[in-house]
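Note that this is a predicted model, so its numbers are computed, not measured. Residue numbers start from 1 in every chain, and the chains themselves are labelled A, B, ... in the order their sequence lines are given, proteins ahead of strands.
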2 protein chains.
Amino acid sequence: MASLGELERSVMSLLWDSAQPLSANEVCELLDEDLAVTTVLTVLARLEKKGMVRRERASRPHRYAAVASREEHTVEMLNEVLGTVPDREVVLARFIGSVSDSEAAALRRILG
Amino acid sequence: MASLGELERSVMSLLWDSAQPLSANEVCELLDEDLAVTTVLTVLARLEKKGMVRRERASRPHRYAAVASREEHTVEMLNEVLGTVPDREVVLARFIGSVSDSEAAALRRILG
DNA sequence: TGAAGTTTCTACACGCCGTAGAAGTGTGGC
DNA sequence: GCCACACTTCTACGGCGTGTAGAAACTTCA
């Protein structure tokens, strides 16, 4: 459900990296891709509709912020992928088997 | 890159569950959705083009099989998701924190 | 060789995404 | 209060992916 296009992803990335909510203009400049501001506004509106972005309508210009952190969102994506299979554990087992040694060590540490 | 539509996913699911390669007709019947066989053939051709399905052209009717197992494919998807983020570990940490106790136990067991 | 089964080719509709102009609306300065 | 300017909304278009399938071509077996 929360699959993003290329530009949408770029915009989310900026919002995730920003400590503050951003205006459409700021996003536009940060993108550094010579896009019309209306393009950015359209994308932001679509992201809002998808529930990924919250818009502060009080201030003018409106300011936009990510609803969930990058990590939260990514974990959601992982769970979405895992939701497509009948048995999560068997996939996780194989995934664990595919990660690097250092990552495996990190996972052991996290799991306590 | 390997994102699938609804019908494509259903077809893959059948191929994954089948011990044998299947013909378009067999897939069609197993789908139980009253689709034209040409529809199924189109989908199978697209899946082949995406590299998800191997077609045995020798036999007639052609037979189709999944290239990767469901688990392999899903792990690929997981890695794709993790590839969208600057730091995999931080996401994995959060993911681990979100799984059930029994799943965490299973992960510990797998990690040895 | 013809009928039945199979595959290929072509096509259409629909929804998503990148893209942005035109038109509408709010705001600060005069 | 009014105007220019900044900002937002509305509308739209083209391309691509996907579900869908008919028409035509091809294969095989009787």
I'd like a table of donor-acceptor pairs (distance under 3.5 Å, sequence neighbours excluded) in which one partner is a side-chain atom from residues 31-43 of chain B, with atom names and distances.
from	atom 1	to	atom 2	distance (Å)
B/T42	OG1	B/T38	O	2.9

Base, sugar-phosphate, or nothing: which does A/R57 touch, judged by heavy atoms less than 4.0 Å apart?
sugar-phosphate
Protein-nucleotide distance (A/L47, atom CG; C/dG18, atom P), rounded to Å:
9 Å
Please examine the side chains of B/F95 and A/L82, heavy atoms only from C-beta on, and report whether any two atoms are closer than 4.5 Å.
yes
Got a salt bridge between B/E8 and B/R46, using NZ or NE/NH1/NH2 to carboxylate O under 4.0 Å?
no
Distance check: side-chain N/O of B/K49 vs OP1/OP2 of D/dG17, anything under 4.0 Å?
no
Once you apply a heavy-atom cut-off of 4.0 Å, does B/R55 come out as touching a base, just sugar-phosphate, or nothing?
sugar-phosphate
Heavy-atom side-chain proximity of A/V81 to B/M77 below 4.5 angstrom:
yes
D/dT8 OP1/OP2 closer than 4.0 Å to side-chain N/O of A/H62:
yes
So that I can tick it off, tell me whether B/E71 and A/R94 are bridged by a salt bridge, with the cut-off set at under 4.0 angstrom between side-chain N and carboxylate O.
no
Expressed as a whole number of angstroms, how long is the span from A/L22:CG to D/dT8:C1'?
17 Å
Tell me the interatomic distance from A/M52, atom CE, to C/dC16, atom P, rounded to whole angstroms.
16 Å
Would you kindly give the CG-to-C1' distance between B/L44 and D/dA21, to the nearest whole Å?
15 Å
Is A/R57 salt-bridged to A/E48, cutoff N-O under 4.0 Å?
yes
Which whole-number value in Å describes the distance from B/R9 CZ to D/dG19 P?
10 Å
Interatomic distance, B/R63 CZ vs C/dG5 P [rounded to whole Å]
15 Å
At under 4.0 Å between heavy atoms, how does the protein contact nucleotides 19-30 of chain C? Give one character per nucleotide, 5' to 3', with B, S or -.
BBBB---SS---
Just by distance, with hydrogens left out, do A/S13 and A/R70 show a side-chain donor and acceptor under 3.5 Å apart?
yes
Measuring to OP1 and OP2 of D/dC7, would you say a side-chain N or O of A/N25 lies under 4.0 angstrom away?
yes
Of A/S3 and B/S23, whose nearest nucleotide on DNA chain C comes first from the 5' end?
B/S23
Output the rounded distance in Å from CD (B/E6) to C1' (D/dT20).
15 Å
